[in-house]
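None of the values given here were measured: they were computed from a predicted structure. Lettering follows sequence order; numbering is per chain, from 1.
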Amino acid sequence: MPIHIYNTATRKKEEFVPADPARVTLYVCGPTVYSFPHIGNARPAVVFDVLYRLLMQGYEGVLYVRNITDVDDKINAAALGEKVSIGEISGRYTGAYHQNMADLGVLPPVIEPKVTEHMEQIIDMIARLVTAGNAYEAEGHVLFHVPSYPGYGALSGRNLKELFAGARVEVAPFKRDDRDFVLWKPSSEDQPAWDSPWGAGRPGWHIECSTMIEQHLGETIDIHGGGQDLVFPHHENERAQSTCLHGGKLFSKYWMHNGFINVDREKMSKSLGNVLLVQDLLEQAPGEAIRFALLSTHYRSPLDWTDEVLSQSCRNLDRLYAVLQKLQDVDVSLSACDIPDTFLDALKDDLNTPAAITELHSLAKQEKTVSSQDARAALKRQLLAAGKILGILQQDPVAWFQGAADINDAEIHKLLEQRAGAKRAKDYKQADEIREKLTNMGIQIQDRSDGTSSWRKV
RNA sequence: GGCUAGGUGGCAGAGUGGUGAUGCAGCGGCCUGCAAAGCCGUCAAUACCGGUUCGAUUCCGGUCCUAGCCUCCA
């Protein structure tokens with residue numbers, strides 16, 4: 001079964017056919033590094049990470065580029081506020097992003113370009129747009145002239161008239177058209193600046209992505225991804241710039257956009273004070289559970305984040321890891337053909353991760369009925385191979401339940417032994433006291449029928 | 001106001017023109033010294049109103065509701 005993906009540009013599910021199967025190109029808009037990553041930053045990273053893993057399953061070469069926007073007025077504001085350089089701000093939050101994404105099991109992209117490393121090419125691209133007649137200089141700014149591109153609005157489903165009528169913002173007087181947007185803007189003394197033919201300044205937001213895509217992936221790419229809010233104006237503008245420069249050549253074959261995350265039914269925003277940082281959620285639950293929660297809803301649907309969603313994800317993973325623990329006696333080595341077709345088909349259907357998770361549960365259920373060692377090994381291979389595509393279930397089940405390198409290990413075992421002794425002596429009062437004590441330590445005892453016990457953290 | 005997406009059991013969440021998955025929670029049972037875990041069983045939903053159809057949750061129209069974008073927010 002071929003991969004089908006929903007293309008924002010056509011509003012339809014389409015069969016995915018890459019331009020070159022040996023070199024599939026995927027570009028996803030990465031973070032602007034001006035603060036710690038929140039759960040909304042994590043969603044596209046995780047969603048497109050699964051897409052990346054799925055593509056690697058079917059194609060030899062997948063060139064995945066996710067940028068870091070390290071030039072932005074929000075970074076400038078943060079730097080001014082702290083009286084440090086913009087490099088210090090962007091460096092700090094790039095590091096936090098890398099750390100958090102690793103905690104969520106997100107693979108690094110093949111290339112992670114930064115705006116500051118592409119200033120020369122950005123300036124060159126703007127100059128080419130001016131030469132081509134699609135952009136003009138005005139009072140130290142360079143602006144893209146929207147009416148110069150008749151296809152403008154096609155991606156986001158807006159026509160030029162509507163945009164004109166809908167203009168509610170005060171328009172800079174030097175704009176030839178209300179909809180024209182900035183490619184380059186002049187910097188004041190306290191703002192970072194690069195030399196350009198139009199004076200010292202800095203690039204606008206949209207041109208950065210166009211430049212990095214051209215530089216690293218070429219004129220036409222297979223898939224362009226990002227959050228739903230980026231459709232307009234960011235991606236519309238990228239598309240206008242790149243298409244104009246490349247003689248009308250298709251910019252991206254497919255556009256994919258993930259939905260937003262709400263927090264307790266409300267939009268997550270700084271003004272509401274309900275922004276959930278990834279680092280704070282990691283205090284609440286393992287990264288794998290956060291990842292699972294992000295994948296438990298289809299990527300295009302809005303996701304309402306609550307404590308309940310997170311704890312249900314933990315319990316789902318508990319269940320799956322419990323099955324893997326039962327299969328611990330069989331050794332397996334994985335190969336791609338171990339991924340069950342039903343599971344793969346779910347993902348190939350526009351990344352239907354909830355349906356894929358259902359297949360995982362269905363596999364887990366089979367553990368109760370298979371008996372031969374061969375069948376158990378096959379089942380374990382299927383579970384692990386499928387889990388790997390979703391980026392879950394890859395750790396040792398014991399590590400999942402008990403946490404890594406527990407310093408209290410010796411004490412726990414001592415208490416367990418004392419309790420076992422008390423049970424043998426039928427001193428249930430003492431046995432229950434010890435169990436109570438362990439419970440208070442966050443340890444849950446699981447008795448086996450043979451009189452021994454295991455434990456897990458709760 | 002314009003554009004877009006969506007409204008499925010207590011919660012989460014797929015799918016489908018022909019008796020509505022899956023997980024969590026609940027309930028009953030087995031197991032247990034008692035629990036927990038596990039196992040077996042079980043309750044429970046397609047916003048509303050029309051239309052097309054032998055048949056609609058699914059397709060079409062309307063109503064109501066929700067979310068997003070139109071403001072350099074993932």
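At the heavy-atom level, K267(A) lies under 4.0 Å from base atoms of the strands shown. Within 4.0 Å (heavy atoms only), H38(A) reaches at least one base atom of the nucleic acid. Nucleic acid contact class of D432(A) (heavy atoms, under 4.0 Å, all strands): base. Counting non-hydrogen atoms under 4.0 angstrom, K365(A) reaches the backbone sugars and phosphates but no base. Residue E308(A) is classed as a sugar-phosphate contact, given heavy-atom separations below 4.0 Å to backbone atoms only. Counting any heavy atom pair closer than 4.0 Å across all strands shown, I39(A) reaches no nucleic acid atom. Counting any heavy atom pair closer than 4.0 Å across all strands shown, G40(A) reaches a base atom. Contact annotation for D229(A): base contact, defined as any heavy-atom pair under 4.0 Å involving a base atom.
R435(A) has a carboxylate O that lies under 4.0 Å from a charged side-chain N of D432(A), or vice versa, which qualifies the two as a salt bridge.
The nucleotide whose nearest atom lies closest to any side-chain atom of R315(A) is, among G15(B), A25(B), A74(B), A25(B). Between C70(B), A14(B), G23(B), one nucleotide has an atom nearer to the side chain of F232(A) than all others, and that is C70(B).
Residue side chain D447(A) does not reach the base of A37(B) through any donor-acceptor N/O pair under 3.5 Å, judged by distance alone. Remark: the R435(A) side chain and the A35(B) base include a donor-acceptor N/O pair separated by less than 3.5 Å.
Ring planes of F16(A) and Y254(A): tilted class, angle from 30 to 60°.
Other residues, nucleotides and ligands place more than 12 heavy atoms under 6.0 Å from the NZ atom of K185(A).
Residue pairs meeting the salt bridge (charged side-chain N to carboxylate O under 4.0 Å, His left out) criterion with at least one member in residues 419-428 of chain A, sequence neighbours excluded, are R419(A)-D447(A), K423(A)-D447(A).
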